[in-house]
There are 2 protein chains.
Amino acid sequence: MTDANAAVQDALASLAASRTVVVPAAERVADRIRAEVAEARLRVGARLPEQALGAALQVSRNTVREALSQLVAERVLIRVPNRGVFVAQPEADDIRDVYSARLVIEPGAIRYGARAADPAALSAVRAAYREGRGAAEVGDWTGVAAANQHFHRDVVALAGSPRLEREMGRLLAEMRLVFQRMPQVREFHEPYLDRNGEIAAMLTDGHVEKAADELARYLVAARDQLLDAYARLPGGTGPATPGR
Amino acid sequence: MTDANAAVQDALASLAASRTVVVPAAERVADRIRAEVAEARLRVGARLPEQALGAALQVSRNTVREALSQLVAERVLIRVPNRGVFVAQPEADDIRDVYSARLVIEPGAIRYGARAADPAALSAVRAAYREGRGAAEVGDWTGVAAANQHFHRDVVALAGSPRLEREMGRLLAEMRLVFQRMPQVREFHEPYLDRNGEIAAMLTDGHVEKAADELARYLVAARDQLLDAYARLPGGTGPATPGR
DNA sequence: GATTGCCGGATCGTTCAACAATCCTTCAAA
DNA sequence: TTTGAAGGATTGTTGAACGATCCGGCAATC
């Protein structure tokens with residue numbers, strides 16, 4: 001390939017990229033709010049008034065509505081008709097449901113996933129475990145929590161299904177909302193770090209059934225620990241959406 | 001309980017019900033379009049112009065946009081920025097992805113589902129199989145196809161997770177779009193009817209691992225048969241969204 | 001005949017203003 | 001203390017308008 005052809009190829013690639021970079025305003029607003037929630041700057045139960053949000057972000061109220069609807073579809077927010085949109089506040093039944101879904105998806109991905117024997121996918125699972133180990137060694141428990149999510153995300157990536165990965169992303173976003181109300185990050189993550197390592201090792205050694213069964217037991221234990229802590233929260237576990 | 005108390009109770013129940021019956025216009029529009037697609041009156045690739053739709057349904061264009069966005073989030077429609085919204089037209093990669101997801105979720109629900117041993121849930125699976133058997137006996141292959149979807153829906157219900165059931169509903173909606181392009185309903189469903197019955201029997205007999213593994217093989221076979229037929233479609237398998 | 005450039009029309013994404021409906025809070029009356 | 005009414009806030013929807021984008025058709029050029 002000559003230099004002239006390479007230049008044309010570069011220009012075409014750049015043009016194609018520029019065509020995909022234009023992001024509609026509503027999507028930008030949704031991205032922004034999603035990040036605010038994910039980083040816990042927007043707390044569970046917080047109300048997002050359309051008017052104020054439009055003024056703050058310099059977009060019209062209609063655009064805000066579109067963005068909020070997108071996040072409602074992702075279950076990050078919840079819309080109460082005629083009352084407003086709130087950051088979702090998962091309650092005990094939500095936790096049970098999320099774990100019921102994870103209990104099928106995660107061991108299922110290990111046992112039946114199209115990439116369950118793919119060295120690259122397995123390597124990502126191990127890397128996520130090591131990321132958590134590294135964070136724990138410097139006492140960065142927020143980092144341990146993040147790495148734990150990467151671990152579970154990468155387990156589901158064994159499925160080789162973008163659709164399933166997106167749904168898992170939604171479940172993990174809900175888990176982050178759950179943990180917003182849990183100050184004791186260390187308590188909920190430290191006991192599972194070694195278990196992540198064991199599961200990763202079983203996977204690497206090809207013991208998929210053992211790994212799947214161990215992960216199922218792990219998820220049951222984690223769910224029960226969370227439900228126990230939730231039941232002891234101040235203010236109890238009321239409706240999933242508070243008053244304004 | 002006296003008659004006067006019963007009347008008050010009735011009135012209160014009626015009032016509570018009326019509070020939940022008010023459906024926002026955008027949601028009614030989305031429900032309407034969803035049904036048109038599910039019943040194949042709106043074909044894959046069809047374009048849905050906002051203006052015309054608003055005039056036809058007597059709602060404003062903004063309300064149409066909200067409804068369309070909801071269906072885009074469900075993957076029933078696909079939005080091409082600045083060009084319009086189209087009924088999604090799954091291509092080969094979409095089929096691969098949907099099956100990769102189902103290959104994890106369905107056997108996973110059998111193996112790890114919270115309701116995998118629940119007699120009522122297992123009874124629903126058997127009933128769906130019998131529904132298909134009944135439809136086949138009168139040559140109603142559309143009915144066989146519908147019963148087949150109920151079968152798979154009810155397998156996933158073994159998970160005991162409303163979130164997972166909703167996601168499965170989306171995957172099944174996509175399968176219906178796939179089959180819109182397949183005139184030979186009988187060919188794609190008849191071979192699997194007996195297999196549905198075998199899986200249901202294994203479940204009833206408590207052979208969950210055998211049932212899960214058989215379902216995985218079934219899904220692989222179904223996927224490969226579909227991909228083979230898709231490759232032979234007239235017009236080939238182009239981009240997932242046609243021109244206007 | 002094939003390619004390129006321009007123009008017009010259609011319509012999408014967004015904004016704005018307005019209105020009806022709903023809900024919540026506050027205050028006064030019983 | 002309870003009930004009812006009024007006021008204010010805001011949500012759901014409508015309609016008009018405008019800028020941006022895209023596509024198709026037509027004419028000019030090679």
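Letters A, B, ... mirror the listed sequences (proteins, then strands); counts begin at 1.
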Next on the checklist: Let's go through B/His189 and B/Phe179 carefully: what are the C-alpha distance in whole Å and the side-chain angles of both, what is the deciding distance for ring-ring contact (aromatic ring centres under 6.0 Å, His included) to 0.1 Å, and is it a yes or a no?
Outcome noted: CA-CA 11 Å; B/His189 290 93; B/Phe179 283 114; 5.0 Å; yes

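- Remark: B/Asn82 engages no residue in a side chain to side chain donor-acceptor pair (under 3.5 Å) (not counting sequence neighbours).
- If you take CD of B/Gln51 and P of C/dT14, they are 17 Å apart, rounded to a whole angstrom.
- Remark on DNA chain C: of its neighbouring residues A/Asn82 and A/Arg28, the 5'-side contact belongs to A/Arg28, judged by nearest-heavy-atom nucleotide.
- When rounded to the nearest whole Å, the span between CZ of A/Arg79 and C1' of D/dG12 equals 9 Å.
- Rounded to whole angstrom, the span from the CD atom of B/Glu50 across to the P atom of D/dT13 amounts to 16 Å.
- Between A/Pro81 and B/Leu48, the one whose closest nucleotide on DNA chain C sits nearer the 5' end is B/Leu48.
- The interatomic distance linking A/Phe86 (CZ) with D/dT10 (P) rounds to 12 Å, in whole Å.
- Residues from residues 59-76 of chain A that place a heavy atom under 4.0 Å from any atom of DNA chain D, listed by number: A/Arg61, A/Asn62, A/Arg65.
- In this structure, a donor-acceptor pair under 3.5 Å is present between the side chains of B/Ser69 and B/Arg79.
- Partners of A/Arg61 by side chain to side chain donor-acceptor pair (under 3.5 Å), not counting sequence neighbours, listed by chain and number: A/Glu50.
- A salt bridge links B/Arg181 with B/Glu91: at least one charged nitrogen is closer than 4.0 Å to a carboxylate oxygen.
- Distances shown here put a side-chain N or O of B/Arg47 below 4.0 Å from the OP1 or OP2 atom of C/dC12.
- Residue B/Asn148 holds its CG atom at 9.5 Å from OH of B/Tyr192, rounded to the nearest 0.5 Å.
- For B/Arg83, counting side-chain heavy atoms from C-beta on, the closest listed nucleotide (C/dC23, D/dC22, C/dT14) is D/dC22.
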